[in-house]
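What follows is a single structure, written as structure tokens, with notes after it.
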Amino acid sequence: MAKIRFSERMRERMTLSFEVFPPKTEKGMQNLPKVVTALNAYHPDYISCTYGAGGSNIGRNREVLQEIAKQTVPCTHFTCIGLKKEVIRQQLQEYLDNHVEHILALRGDYPKGWTHTGGDFDHATQLVEFIRKEFGDRFEIAVAAAPGGHVECVSEDQDIEYLKQKQDLGADYIITQLCYDLEQFKVWRDKVDRAGITMPIDVGIMPVTTKHGILTQCFSHNACAVPRDLALVLTHNWFQKDPDGNEIPEIKAAFREEGLTYSANLLNRYLTLGIHGIHLYALNRADDVSQVLARSGFDRYFQSLL
Ligand code: FAD
């Protein structure tokens, strides 16, 4: 059995975790230990590392997990896009051989132009079932859920039914997709409760730091609602180029400043809802995370647990 079980810990106290991705460049890889050290200063329960569709960055994903493991507990994301069962079995065994016992089991986003996974599994439900069948309880399994509804879902109720299936097939806890609309989150969580889903919910929060980042995350990938307070951050700092098309650094800096304060407030508002965990999408930018934690006062909360 996985030695540490975050699903159990989350039922006792709120957890803190971060998410990083495998850098594409050598320079990024060289900088990674510094990023992990800076994040680890907040004593996170775990740090997760993303996985590219089709296993395109599996080598770097493993290197990053090894780096994390030097300091805290690693959790790997894993998607079934383009993979046959045999390859999945082999890659999962390699994680276990390297003491990675925590996995976020995902379908993955289709690469551009794809309309199906091109592998043996179509959905994360099948991946969860496979992991439990092949590896028993050696992994603790997290699964994704979208409080705003997944972009492809037929209906919110149907989406929640699939989430329940993930639980029934052996998933341990949930990590959520971005959700800036707390009213939507509350409605969704009530429905999740009513559906008999008892998995703890680790709330995913993406710090708001750039206009491009927030537009891309909300609109091109996730169909995530932008509530008025977030729309105001965007509106206040919308025009980031002068009439000649040159960037205006002051406006970009103002966006980041306002966005970080917005993110810290969001974190505090989530806290009042009594959630099980905070999962900050750190995106290898430890400074953004430090700012959000300091401005929200969360840094002191987690220090007090030590
Ligand atoms: P699924 O659970 O398969 O759901 C996808 C859609 O299919 C939904 O609309 C759902 O309602 C429907 N569905 C679910 N089960 C069934 C079923 N059995 N039959 C029919 N329909 C079904 N992507 C990456 O590529 N790499 C990453 O590292 C990564 N990390 C992520 C981390 C987090 C915290 C989150 C929230 C997402 C991450 N993603 C990542 C994105 C994720 O892969 C996408 O959101 C993807 O579109 C859906 O993944 P899923 O596991 O939710 O898929």
Side-chain angles (χ1 to χ4, degrees), residues 6 15 17-23 46-58 60-62 64-65 74-83 88 91 95 100 102-112 114-131 141-171 173-180 185 188 191-192 195 197 199-206 216-218 220-224 276-284:
F6 299 119
T15 58
S17 57
F18 301 121
E19 177 171 322
V20 297
F21 62 86
Y46 68 93
I47 298 180
S48 74
C49 175
T50 61
Y51 179 97
S56 50
N57 60 0
I58 179 78
R60 289 234 157 129
N61 158 281
R62 288 212 190 102
V64 173
L65 290 164
C75 168
T76 190
H77 300 201
F78 191 83
T79 78
C80 48
I81 297 277
L83 300 183
I88 296 177
Q91 291 198 3
Y95 284 126
V100 177
H102 298 271
I103 188 163
L104 170 57
L106 301 154
R107 184 198 69 188
D109 278 324
Y110 296 135
K112 201 165 176 235
W114 291 36
T115 50
H116 54 85
T117 61
D120 278 347
F121 300 139
D122 295 325
H123 289 287
T125 41
Q126 294 159 297
L127 179 60
V128 172
E129 186 176 25
F130 180 78
I131 299 173
I141 305 177
V143 286
H150 183 264
V151 67
E152 293 158 33
C153 72
V154 188
S155 72
E156 193 179 48
D157 289 344
Q158 183 69 65
D159 206 32
I160 290 172
E161 252 179 60
Y162 291 131
L163 187 58
K164 174 73 163 54
Q165 279 183 25
K166 292 181 187 180
Q167 172 175 286
D168 294 345
L169 290 165
Y173 69 101
I174 295 166
I175 310 182
T176 64
Q177 191 52 272
L178 337 177
C179 180
Y180 294 109
F185 179 84
W188 173 81
K191 286 190 178 181
V192 163
I197 296 170
M199 291 184 281
I201 302 173
D202 205 357
V203 172
I205 294 185
M206 168 93 63
T216 309
Q217 287 300 331
C218 289
S220 76
H221 292 318
N222 298 319
C224 166
H276 297 106
I278 289 287
H279 180 75
L280 274 172
Y281 296 104
L283 301 178
N284 302 10

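Read the numbers this way: they start at 1 and go in the same order the structure lists the ligands and their atoms.
Aromatic rings from H102 and Y46 are positioned such that their centres are separated by 6.0 Å or more.
Given atom 11 (O) of ligand 1, the protein heavy atom at minimum distance is D159 OD1, 2.5 Å. When hydrogens are left out, the protein atom nearest atom 4 (O) of ligand 1 is H123 ND1, 4.1 Å; that is the closest non-hydrogen contact. For atom 29 (C) of ligand 1, the nearest non-hydrogen atom of the protein is L106 CD1, 3.3 Å. For atom 26 (N) of ligand 1, the closest heavy atom belonging to the protein is Y51 O, 2.8 Å. Closest protein heavy atom to atom 17 (C) of ligand 1: Y162 CE2, 3.3 Å. Distance from atom 48 (C) of ligand 1 to its nearest protein heavy atom, with residue and atom name: H150 NE2, 3.4 Å. Closest to atom 51 (O) of ligand 1, if we only count protein heavy atoms, is R107 N, 2.9 Å.
For E129, there are no salt bridge (charged side-chain N to carboxylate O under 4.0 Å, His left out) partners at least two apart in sequence or on another chain. Taking D122 as the reference, nothing meets the salt bridge (charged side-chain N to carboxylate O under 4.0 Å, His left out) condition, with sequence neighbours excluded.
The part of H77 lying near ligand 1 is the side chain, judged by heavy-atom distances below 4.0 Å. Contact annotation: for F121 versus ligand 1, there are no heavy atoms closer than 4.0 Å. The proximity of K166 to ligand 1, defined as any non-hydrogen pair under 4.0 Å, is limited to the side chain. For Q177, heavy-atom contacts with ligand 1 shorter than 4.0 Å involve the backbone as well as the side chain. When heavy-atom distances to ligand 1 are checked against a 4.0 Å cut-off, T125 comes that close only through its side chain, counted from C-beta outward.
Here the side chain of D202 pairs no donor or acceptor atom with the backbone of I174 at under 3.5 angstrom. A donor-acceptor pair under 3.5 Å is absent between the side-chain atoms of T176 and the main chain of A145, judged by distance alone. The backbone N or O of W188 sits nowhere less than 3.5 Å from a side-chain atom of E156 that would complete a donor-acceptor pair. Judged by distance alone, the side chain of D159 and the main-chain N or O of G149 form no donor-acceptor pair under 3.5 Å. Between the side chain of Y110 and the backbone N or O of A53, no donor-acceptor pair lies under 3.5 Å.
Near E152, the atoms of ligand 1 lying under 4.0 angstrom from a non-hydrogen atom of the residue are 9 (O). Which parts of ligand 1 touch C153 is read off a 4.0 Å heavy-atom cut-off, strictly below it: atoms 9 (O), 11 (O). Residue-ligand proximity, T79 to ligand 1, at heavy-atom distances under 4.0 Å covers atoms 24 (C), 25 (O), 26 (N). Counting atoms of ligand 1 from 1 in the listed order, those under 4.0 Å from a heavy atom of G108 are 25 (O), 43 (O), 46 (C), 47 (O), 49 (O).
For atom 33 (C) of ligand 1, the nearest non-hydrogen atom from the set V154, L104, I175, N222 comes from L104. Of all the listed residues (I174, V143, D109, T50), D109 holds the heavy atom that lies closest to atom 47 (O) of ligand 1.
Taking the six-membered ring where tryptophan is involved, the planes of H77 and H279 are tilted, since the angle between them lies from 30° to 60°.
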